[in-house]
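What follows is one structure encoded as structure tokens, with my remarks underneath.
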Protein chains: 2
Amino acid sequence: MKKTILIYGLSLAVLVFLLEYFEYRYFVHELSTEVFVFLIALIFTGLGLWAGKKLTNQTKIEPPPFEQNEKAIRYLKISERELEVLELVAQGFSNKQISDKLFVSVNTTKTHLSHLYEKLDVKRRTQAVEKAKSLKLIE
Amino acid sequence: MKKTILIYGLSLAVLVFLLEYFEYRYFVHELSTEVFVFLIALIFTGLGLWAGKKLTNQTKIEPPPFEQNEKAIRYLKISERELEVLELVAQGFSNKQISDKLFVSVNTTKTHLSHLYEKLDVKRRTQAVEKAKSLKLIE
DNA sequence: TCAGGCGTCACCCGAAAGTATGATTTTGCA
DNA sequence: TGCAAAATCATACTTTCGGGTGACGCCTGA
């Protein structure tokens with residue numbers, strides 16, 4: 001961004017200088033004023049386009065900066081632990097695998113899941129994942 | 001797009017004409033050539049930026065035009081029916097619900113799913129959904 | 001015509017998931 | 001300090017999933 005502006009400024013300065021110089025020396029006698037103005041317009045249009053592209057591209061590179069919908073999480077009263085379980089479910093892990101990762105029993109995992117289903121108002125894990133993603137509770 | 005170009009062209013023509021006119025009439029005597037050139041540069045830079053923004057915005061409005069990865073589907077030899085089942089699974093439906101939607105028995109749905117798991121190299125429906133989405137087999 | 005893929009269905013069995021209920025411990029906070 | 005929410009675990013039971021196997025009809029390409 002800063003670099004783009006700097007380059008643009010320098011180009012502008014150099015071009016103005018050069019044009020001024022050549023205008024006095026040669027062109028003004030050979031080229032009509034219309035052509036001279038047209039050239040300047042053309043050059044600076046190009047520079048404008050280029051600078052514009054640079055500046056907008058900068059903001060286009062990073063498109064998906066996932067931001068968790070914390071409001072929804074709080075509103076649905078989903079706890080930390082439940083969210084952890086939810087994330088693992090979304091990654092396709094079984095209850096057993098989740099239990100091992102979280103160092104708890106399968107029963108505990110199932111309890112968390114039951115609570116989640118209730119809060120999300122769903123019946124199955126796949127629905128929970130679907131809903132959680134649409135609500136941006138998880139990525 | 002066409003409209004933008006047209007507007008730009010017209011603006012350019014009008015501005016050149018006006019500048020020429022005023023140059024001859026008044027300004028050339030009051031303003032230095034440097035200032036004149038600077039003004040033209042400024043105006044056309046602005047126009048360039050504006051046109052550039054218009055042109056790039058056009059291509060930025062439609063960002064997520066989901067295109068199914070048909071190559072992957074063919075490569076994995078996933079059939080039509082299997083894909084239908086997969087989509088419904090991804091929407092969180094149970095085997096029974098899917099069977100009802102497709103007017104087949106639960107057994108048939110299960111058979112399709114078994115084949116899918118094999119082809120996707122997964123063990124559970126949640127994993128299948130996860131993988132299918134990452135491969136863009138489904139939305 | 002015949003093999004092979006696809007779609008359909010069935011039956012069985014075990015594993016995984018989900019429901020219901022209750023209990024204990026931890027912990028944050030009023 | 002004491003209460004409520006959260007986290008943990010258990011037991012028992014039902015439902016859903018998933019694997020394995022086999023079967024039948026249809027269609028297509030070799």
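Everything numeric in this text was worked out from a predicted model, so none of it was measured. Here is how names work: the chains are called A, B, and so on, in the same order as the sequence lines, proteins then strands, and each is numbered from 1. Below, each value reflects all heavy atoms present in this structure, side chains not excepted, and no hydrogens, waters or symmetry copies.
The closest side-chain heavy-atom distance from Leu137(A) to Leu120(A) is below 4.5 Å. In this structure, the side chains of His115(A) and Arg81(A) stay at 4.5 Å or more apart for every pair of heavy atoms. Inter-residue side-chain proximity for Asn95(A) and Lys110(A) is flagged as met; some heavy-atom pair is nearer than 4.5 Å. Here the side chains of Val89(B) and Leu116(B) are not in contact, with every heavy-atom distance at 4.5 Å or above.
Under a hydrophobic clustering in which Ile, Leu, Val, Met, Phe, Trp and Tyr are joined whenever their side-chain heavy atoms come within less than 4.5 Å, directly or via other members, Val106(B) and Tyr117(B) fall into different clusters.
With a heavy-atom cut-off of 4.0 Å to chain B, the contacted part of DNA chain D has its first and last nucleotide at dC17(D) to dG19(D).
Of all non-hydrogen atoms in Ala132(B) and Leu86(B), the two that sit nearest each other are CB-CD2, 3.7 Å. Taking each heavy atom of Gln127(A) and Gln91(B) in turn, the nearest pair found is CG-O, 4.4 Å. Ile138(A) approaches Ala90(A) most closely through the heavy-atom pair CD1-CB, 3.5 Å. Heavy atoms only, all atoms of each residue included: Lys133(B) and Glu139(B) are closest at CE-O, 3.4 Å.
Comparing the local axis fitted to the first five base pairs of the helix from dT1(C)-dA30(D) to dA30(C)-dT1(D) with the one fitted to its last five gives a bend of 50°, rounded to 10°.
For Thr108(B) and Ser105(B), the side-chain atoms include at least one donor-acceptor pair closer than 3.5 Å.
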Task: Contact letters for nucleotides 3-18 of chain C, in which S counts primed atoms plus P, OP1 and OP2 and B counts the base, heavy atoms under 4.0 Å - done: ----SBBBB-----BB
